[in-house]
Amino acid sequence: MTAVSPPGPSAAEIDFDPYDPAMTEPTVWEAYRSASACPVTRSPRRGGFWMLTRYEDVRAALRDPATFSSASGHRIPTDGTQRAIPIDFDPPLHTAYRRLMTEALSPGRVRTLRPFLERTITDLVDAFAARGGGDFVEQVALPLPLEVLTELVGFTPATVREFRALTEEMWAGLAAGGEEVDFAGARRRIYELMRRELAGHRAARPDDYVTTLLDAQVDGRPLVEDEQVSVLATFAVAGHETTMNAASTLVHLLVEDPGLQDRLRADPTRAPGYVEEMLRLRSPAQNFARRATRPVEVAGTPIPEGDAVLLSFAAANRDPERFPDPDRFDPDRDARGHLGFGWGVHQCLGAALARSELAILLTTLCRHPRLRPDGPADWSGLQGGNHLGPTALPVRFETVGKG
């Protein structure tokens, strides 16, 4: 990607709306394939934006935050009304905010959490198996990250019980008809919940991350409450949405392919490979926006300064130039370098924790009888233009001895 002055060839136009309810399983993958027919496409929806789908183009943009800025928002439209910490900020302020959150998600912290994760996952899966199965999303995939948030951040059980309903309300608000998107209105109730959590911690000051945040500083000054609220909201939303979708998608893959499940059950040490391949093939977080800070050329297409750009992680992870036979789930492939957790300065802070949770979940399931479908799965649209996963996944455990 290089700066250009004269206009170059026109890009193909595509009618891609990340908030369209039709962007779900399996149609969303055909939409990405259509967009990938041209290296750079342009959609007129939501104020207009360029769409990058090739692996090398998306990764190069992620490695160049000075040109592809996050400061106008990470969702389409990039209208400057999104202010989530740290993702809607550029360095150096982004770096300072991110440092505040690293303490809760460092590899060392994840290692100390492992006994808690194993105990929590074992309890959830054992109870699910004792019932013979049910809706995996409701009974395992959703409770797991919410329980982790109480331990990781210090949210009260009452607070996490409200997360899911408020998150669904927020996604519904962002998916409203028309081309306008009310980001502030969508997140209002979650922010109110975070303010109540902060007030409780000011009074009781338990020894946890939320209390640490009350005394934290950035650039040599104390955080104001709006900053504290934004940090906690990021933990609350990102901390449960992606893990819930990733866990459910993994189990969906296993129940849809008994041979795949049998291979894992025969050797549960293969779990990390299954996790990485799922993140590549069916990325739970699929699209992130940027805004060009200067004229730039991508694959021969000039992108003017100030234009919005949508980086499709999901499409890039199926780029055949980077991952041969990209639509096939192959846990034996070398999936290193996939963009399931992004790349560069905004790479997902919770990647180590999510990988640990998902691998423990798979190995724990392997201690029980095989899982089979017990009805069709329901899928979300692209929640917030980004998150995709099952909303209901009925499964059952096989009766031992009946195969």
Side-chain angles (χ1 to χ4, degrees), residues 17-32 75 121 124-125 127-128 131-149 160-177 181 186-187 189-190 193 233 236-257 261 274-275 278-279 281-288 312-314 329 340 350 354 357-358 361-362 365 371-397:
D17 180 2
Y19 299 99
D20 185 344
M23 293 294 103
T24 184
E25 176 73 24
T27 54
V28 66
W29 305 109
E30 182 56 40
Y32 291 135
R75 305 183 194 278
I121 291 170
L124 284 170
V125 172
F128 188 59
R131 293 188 289 271
D135 181 356
F136 185 82
V137 177
E138 179 186 18
Q139 297 180 35
V140 179
L142 174 59
L144 168 59
L146 295 182
E147 290 197 28
V148 171
L149 281 171
V160 298
R161 279 196 294 271
E162 292 189 50
F163 280 166
R164 186 59 197 159
L166 293 180
T167 304
E168 289 180 345
E169 181 180 289
M170 180 174 69
W171 297 148
L174 291 179
V181 180
R187 67 186 177 229
R189 292 194 59 196
I190 287 182
L193 182 62
V237 176
H240 90 270
E241 187 81 17
T242 52
T243 302
M244 177 189 71
N245 288 337
S248 299
T249 300
L250 269 171
V251 170
H252 170 75
L253 288 166
L254 294 180
V255 300
E256 290 296 306
D257 188 337
Q261 186 176 170
Y274 276 60
V275 170
M278 179 278 298
L279 292 166
L281 181 69
R282 308 179 74 96
S283 309
Q286 305 213 331
N287 303 296
F288 289 84
S312 180
F313 294 9
F329 184 90
E357 286 179 74
L358 296 170
L361 175 62
L362 288 184
L365 284 170
L371 278 169
R372 291 287 184 261
D374 197 27
D378 291 330
W379 289 79
S380 71
L382 288 177
Q383 306 279 39
N386 187 359
H387 302 287
L388 179 69
T391 56
L393 183 62
V395 297
R396 61 178 171 81
F397 289 91

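The figures here come from the full heavy-atom set of this structure, side chains too, leaving out hydrogens, waters and symmetry mates.
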Practice item. Applying side-chain contact (heavy atoms from CB on, under 4.5 Å), run through Y274 and L253 and close with a yes or a no. Key: CA-CA 10 Å; Y274 276 60; L253 288 166; over 6 Å; no
Review point. Any idea which heavy atoms bring P284 and L279 closest together, and the distance?
Key: CD-CD2, 4.0 Å
**Study point:** Exercise: identify the closest heavy-atom pair between N386 and Q286
**Key:** OD1-N, 2.5 Å
Check your understanding: Of W379, W171, F313, which meets ring-ring contact (aromatic ring centres under 6.0 Å, His included) against H387?
Key -> W171
Point to revise | Evaluation steps, side-chain contact (heavy atoms from CB on, under 4.5 Å), between L388 and N245 | key: CA-CA 7 Å; L388 179 69; N245 288 337; 5.8 Å; no
Review point. So, does S248 use its side chain to make a donor-acceptor pair with the main chain of V137 at under 3.5 Å?
Key: no
Practice item. Kindly write out the residues that satisfy salt bridge (charged side-chain N to carboxylate O under 4.0 Å, His left out) with E138, not counting sequence neighbours, or none if the list is empty. Key: none
Exercise for review: Mind running side-chain contact (heavy atoms from CB on, under 4.5 Å) on F397 and L371 for me, showing each step along the way?
Suggested key: CA-CA 5 Å; F397 289 91; L371 278 169; 3.6 Å; yes
Point to revise | R75 side-chain N/O to G385 backbone N/O, donor-acceptor pair under 3.5 Å | key: no
Check your understanding: Distance from D257 atom CG to F329 atom CZ, nearest 0.5 Å?
Key -> 9.0 Å
Exercise for review: Please check if the side chain of T24 supplies one atom and the backbone of S380 the other of a donor-acceptor pair under 3.5 Å.
Suggested key: yes
Practice item. Rounded to the nearest 0.5 Å, what's the gap from CD1 on I121 to CG on L361? Could you check? Key: 5.5 Å
Review point. Are any side-chain N or O atoms of D135 and backbone N or O atoms of P394, one a donor and one an acceptor, separated by less than 3.5 Å?
Key: no
Exercise for review: List the steps, then state whether side-chain contact (heavy atoms from CB on, under 4.5 Å) holds for Y32 with N287.
Suggested key: CA-CA 11 Å; Y32 291 135; N287 303 296; 2.9 Å; yes
**Study point:** For T243 against A354, the heavy-atom pair lying closest together
**Key:** OG1-CB, 4.4 Å
Check your understanding: Applying salt bridge (charged side-chain N to carboxylate O under 4.0 Å, His left out), which residue pairs with at least one partner in residues 237-256 are found, sequence neighbours left out?
Key -> R164-E241
